[in-house]
Amino acid sequence: MTVRVGVIGAGMIGQDHIRRLTEVVTGATVTAVTDIDTTRATEVATRIGATAPPTGADLVASPDVDAVLVTSWGPTHAEHVLNAIAAGKPVFCEKPLATTAEDCLRIVEAERAHGRRLVQVGFMRRFDPGYRQMKEVITTGGIGTPLIVHCAHRNPTVPDAYTSAMAAQDTAVHEIDVLRWLLDDEITSAQVITPRATGKRFAHLKDPQIMYFDTARGVRIDLEVFVNCQYGYDIQCEAVGEDGLVRLPDPAAVGVRTAGRHGTAVLQDWKARFAEAFDTEFREWIHTIAAGAEPTGPSAWDGYAATVITDAAVRSLETDGTVVTVDMKPRPAFYRGTEGTTATTA
């Protein structure tokens, strides 16, 4: 079957996913596009031969839409995801699932009441080949029991609108999700330390930030978030175990020797770094829908967990590095056996 997808949100990421669904992924077609900017939605829809319903609710209710992709402004996500669940339609929601833990729990409860998983959250790193190789090594005991994880998330620059809290909410949230998945463990506390600030930042921004997380099984995670590093987009991850370590590979790049130097290019943005992960993420999502199966990617529970953990990190930042306990509900049995973690069930 061809899965007919309706897209809510026609901004940069929405249009990139529309391109992906129409030009890269087989078995999918975009049949409807809506956006708060109705002119933009109409332009995008016309370009691909889709309709442009006036609202997200109209799009979800359309008989020409089998599945919903939410790429709108973060505070609108909960409304659209809840509408899709009520309609019994699979829904892919770019992060965040919702901007508050309370709204995330509303989605979790609605999905549980429906009785079947419908929601997938757009944490694309689980689909990156390098992270998947790391997962295989850790899961099969290749480094023994994990003890420590070292990470770095570096951007060349960020715009003036980027705030200190966004270092956790928009940036580190990707590490938070992928580390829960890699370790099959839950994060129980967060601490954020601010070292000497770079002079390349906007005055209102605390950058870089060093984040520390502890897990239920005692793994210690340190994460450098540096969003004005200047030189490129650089993602690093190394897990140290009792018997060895596993390190995330850098993207393949040719080596150039010239003028007495040998070097490789450094990627400059996330779209290039994780292009393959995005493609794989949507191929697998469309495949599960076409097969009538439940999504296997990050769940609504994973979206809730990420929000609670980033909330704790922001509280630590705002209280000068206090260690903040992650106040997470027990994971319902409904989500046991998903691609999430093996946290306590209820």
Side-chain angles (χ1 to χ4, degrees), residues 13 16-17 20 24-25 92 94-95 120-156 170-185 187 211 213 215 219-227 229 231-256 262-285 287 295-299 302 305-306 309 338-341:
I13 189 67
D16 194 45
H17 288 338
R20 187 165 282 109
V24 178
V25 176
F92 184 109
E94 271 299 345
K95 61 89 177 169
Q120 179 165 322
V121 183
F123 290 121
M124 92 301 270
R125 291 197 188 181
R126 299 190 189 197
F127 301 87
D128 175 73
Y131 278 113
R132 285 189 161 184
Q133 291 171 32
M134 288 186 72
K135 173 72 170 173
E136 177 69 16
V137 169
I138 293 170
T139 300
T140 58
I143 62 170
T145 302
L147 306 173
I148 308 166
V149 181
H150 307 292
C151 300
H153 188 144
R154 304 183 183 113
N155 293 57
D170 281 19
T171 302
V173 67
H174 286 289
E175 274 79 15
I176 287 167
D177 177 75
V178 83
L179 290 172
R180 293 177 59 249
W181 174 71
L182 280 176
L183 298 171
D184 196 20
D185 199 356
I187 292 173
M211 303 182 183
F213 302 101
T215 76
V219 178
R220 180 67 160 176
I221 299 164
D222 59 78
L223 166 61
E224 170 203 325
V225 177
F226 187 11
V227 295
C229 78
Y231 70 85
Y233 183 75
D234 189 8
I235 302 299
Q236 300 293 325
C237 183
E238 178 182 271
V240 181
E242 290 183 327
D243 300 325
L245 65 83
V246 57
R247 182 179 295 123
L248 182 71
D250 287 328
V254 298
V256 178
H262 178 202
T264 56
V266 178
L267 294 175
Q268 295 299 301
D269 60 54
W270 53 269
K271 290 175 68 175
R273 171 62 180 83
F274 289 109
E276 183 177 355
F278 278 117
D279 291 348
T280 302
E281 175 183 48
F282 277 93
R283 284 193 186 99
E284 294 186 9
W285 182 59
H287 176 76
T296 57
S299 68
D302 295 316
I309 296 163
T338 70
E339 289 297 302
T341 65

Would you mind reporting whether Phe123 and Trp181 have side-chain heavy atoms less than 4.5 Å apart? no
Evaluate the ring planes of His17 and Phe282, with Trp represented by its six-membered ring, and classify them as parallel (under 30°), tilted (30 to 60°) or perpendicular (over 60°). tilted
Ala306 versus Ile176, closest heavy-atom pair with distance: CA-CG2, 4.3 Å
d(Asp128 CG, Thr280 OG1) to nearest 0.5 Å is 8.5 Å
CG on Asp222 to CZ on Phe213, rounded to 0.5 Å: 10.0 Å
Step-by-step side chain to side chain contact (heavy atoms under 4.5 Å, CB included) determination, Leu248 to Gln133: CA-CA 8 Å; Leu248 182 71; Gln133 291 171 32; over 6 Å; no
Name the residue from Arg154, Gln268, Arg273 that meets the side chain to side chain donor-acceptor pair (under 3.5 Å) definition with Asp234. Arg154
Do Asp302 side-chain atoms and Ser299 backbone N/O form a donor-acceptor pair below 3.5 Å? yes
Heavy-atom closest pair, residues Gln120 and Pro295: OE1-CB, 3.5 Å
Side chain to side chain contact (heavy atoms under 4.5 Å, CB included) between Val219 and Leu179, worked out: CA-CA 11 Å; Val219 178; Leu179 290 172; over 6 Å; no
More than 12 non-hydrogen atoms from neighbouring residues, nucleotides or ligands closer than 6.0 Å to CD on Glu276, yes or no? no
What pair of heavy atoms forms the shortest contact from Glu175 to Ala152, and how long is it? OE2-O, 4.1 Å
Just so I know, are the side chains of Asp279 and Phe127 near enough to count as touching, which here means a heavy-atom distance under 4.5 Å? no
If you count the non-hydrogen atoms of other residues, nucleotides and ligands that lie under 6.0 Å from NE2 in His150, is the total more than 12? yes
Of the non-hydrogen atoms in Ile138 and Pro146, which two are nearest, and what is the gap between them? CG2-CG, 3.9 Å
Measure the OG1-NE2 distance between Thr296 and His287 for me, rounded to the nearest 0.5 Å. 9.0 Å
Check against side chain to side chain contact (heavy atoms under 4.5 Å, CB included), Glu281 and Phe92: CA-CA 10 Å; Glu281 175 183 48; Phe92 184 109; 3.3 Å; yes
How close do Gly144 and Asp243 get, heavy atom to heavy atom, and via which atoms? CA-OD2, 3.4 Å
For the residue pair Ala253 and Ala265, what are the closest heavy atoms and their distance? CB-O, 4.3 Å
Could you tell me the separation between the OG1 atom of Thr139 and the CG atom of Leu183, rounded to the nearest 0.5 Å? 9.5 Å
Sub-3.5 Å donor-acceptor pair from the side chain of Arg132 to the main-chain atoms of Arg126, do we have one? yes
Quick check: do His174 and Lys95 have side-chain heavy atoms less than 4.5 Å from each other? yes
Report the distance from atom CE of Met124 to atom CH2 of Trp270, rounding to the nearest 0.5 Å. 7.0 Å
Met134 CE to Leu182 CG distance, which is reported to the nearest 0.5 Å: 5.5 Å
Can you establish whether the number of heavy atoms outside Arg247 located under 6.0 Å from its atom CZ is more than 12? no
Met211/Ile221 under side chain to side chain contact (heavy atoms under 4.5 Å, CB included): CA gap, chis, key distance, verdict: CA-CA 8 Å; Met211 303 182 183; Ile221 299 164; over 6 Å; no
Is the distance between the ring centroids of His153 and Tyr233 under 6.0 Å? yes
